[in-house]
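Written out below as structure tokens is the structure these notes cover.
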Amino acid sequence: MATTPKRALKRVWSTTTRTAIKALLRDCHRKLPRDVVGVFYHAIGDHPMPHVQHLYFPIPTAVFREDLDFLQTDFRVVAYEDVHNARLGKGILPPHAAHLSFDDGYRECFTVVRPILKARGIPATFFVTAEFVGNSRLFARNLISLAVDRLHSMPAEERLALLARASLPQDPAEWKEALARLPEESLKAFLHKTGIDPEAWLAENKPFLNEEEIRSLHISGFTIGAHGLTHRKLSGLPPEEAEREIIESCAYVRDITGQKAVPFAFPHSGHGIDRKWLYDVRQRNPFVGLFFDTKGMVNDASWVVQRIWAERPQWRNAKSFAPLADIVGAACRDAVLERLHAK
Ligand SMILES: [Zn+2]
């Protein structure tokens, strides 16, 4: 048929293009001028984590070890202090520097991540949210994940009746969004109806770090950062409220650890927060360290470190995790596109 050679040519062309793009991306992080590449996670572990696994997929330790192999081969993993000094013009980072960090302060930072990093001599920063430390409160997103998890494990008939009574959609794909629209008290009440008492679950499972573990991480040489008092998105708050979230959470970490400078990672993201306003907040409060955001490898102010979220499963396949090299490659592509778009 006349179209066959055309189709064959098309196939060869697309395969060649894909291979060429992959080869370009593989080395992209070395070519894109960047003093440090930030990489961050939330939860690492091989055990079930019903409070997070319907938000994103916790990274199994074998995958995490492969990620670290990649980081240690392609990058020089540096401590927060090195990044801090370099960004303030008091030091120079080695070529291909990377910095590793963990948000939200889950217990696994101490029980799973700490021993793996210590054995390899890899530095990292752990960002903790003041209200969650010591397990005095469960994050609203954890409540959503717990509810979704419980709904999946309920007998179908019971689940359908419960969803109908609560005026929630029957389609599992819509649960998360529908639950996220509920006020926290209604979410807790719904969780009770599924058979989970959120307060009892929190007391029994203790999903977050306590102050003793935070102190111990700091003594082991890791940096502790702040991640807000309440994990609210700062861009939606009045300026004085947003400033309080930054300063008081940094002061809280300073008081636990004795660190002179406390870095701050924006809860959710720092998108939409005026950098000039942030600059002034830092000037007024010199103990606030660098800010950490989540926009991959795009450029920002010198005192804002952008980071790549390393916890994405491969598209449409929850069981298979994209290698960190591919995630870094994709972040690199996005940064190049953003740069072109800005021109
Ligand atoms: Zn967070």
Side-chain angles (χ1 to χ4, degrees), residues 38-45 49-59 64 80 99-110 112-114 124-146 148 176 179-180 184 187 202 205-211 213-214 217 222-237 241-250 252-253 256 262-273 278 288-296 300 304-313 327 331:
V39 173
F40 82 106
Y41 298 84
H42 295 83
I44 314 285
M49 291 183 225
H51 55 299
V52 293
Q53 64 200 36
H54 299 282
L55 307 173
Y56 41 78
F57 296 95
I59 300 283
F64 183 54
Y80 168 73
H99 181 66
L100 192 57
S101 54
F102 299 82
D103 283 8
D104 292 0
Y106 288 114
R107 186 168 54 102
E108 286 75 14
C109 292
F110 187 80
V112 179
V113 175
R114 179 190 59 112
T125 302
F126 296 96
F127 290 99
V128 300
T129 297
E131 252 195 11
F132 306 156
V133 173
N135 298 287
S136 46
R137 195 183 150 229
L138 203 52
F139 184 20
R141 288 197 171 191
N142 295 142
L143 295 170
I144 294 170
S145 184
L146 279 175
V148 171
K176 241 168 69 177
L179 289 165
E184 194 165 323
L187 195 52
L202 179 65
N205 292 279
K206 297 185 175 57
F208 296 108
L209 295 166
N210 60 37
E211 289 188 3
E213 288 162 338
I214 290 172
L217 282 167
F222 297 109
T223 301
I224 310 300
H227 195 43
L229 291 171
T230 58
H231 205 288
R232 283 183 295 172
K233 193 170 184 186
L234 300 191
S235 62
L237 298 177
E241 193 75 4
E243 183 163 347
R244 198 173 78 83
E245 286 276 341
I246 296 170
I247 295 164
E248 292 190 13
S249 65
C250 285
Y252 173 71
V253 169
I256 296 177
V262 179
F264 182 91
F266 300 109
H268 305 281
S269 97
H271 185 65
I273 301 173
L278 266 183
V288 174
L290 300 175
F291 288 97
F292 284 70
D293 205 347
T294 57
K295 276 207 91 185
D300 209 314
V304 178
V305 180
Q306 288 291 351
R307 300 176 297 165
I308 300 165
W309 188 8
E311 245 150 13
R312 281 170 231 171
I327 295 173

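Here the structure is a predicted model, which is why all the values come from computation and not from measurement. Note that ligands are numbered from 1 as they come in the structure, with each ligand's atoms numbered from 1 the same way.
Closest N/O/S atom of D104 to the Zn ion (ligand 1): OD1.
Judged by distance alone, the side chain of S269 and the main-chain N or O of H271 form a donor-acceptor pair under 3.5 Å. Side-chain atoms of S249 come within 3.5 Å of backbone atoms of I246 as a donor-acceptor pair (strictly under, hydrogens ignored).
Counting backbone and side-chain atoms alike, H42 contributes no N/O/S atom closer than 2.8 Å to the Zn ion (ligand 1). Here H227 reaches the Zn ion (ligand 1): one of its N/O/S atoms is less than 2.8 Å from the metal.
With respect to the salt-bridge test (charged N to carboxylate O, under 4.0 angstrom), the residues E213 and K206 do not qualify.
Annotation: F40 is not in aromatic contact with H99 [ring centroid separation under 6.0 Å not met].
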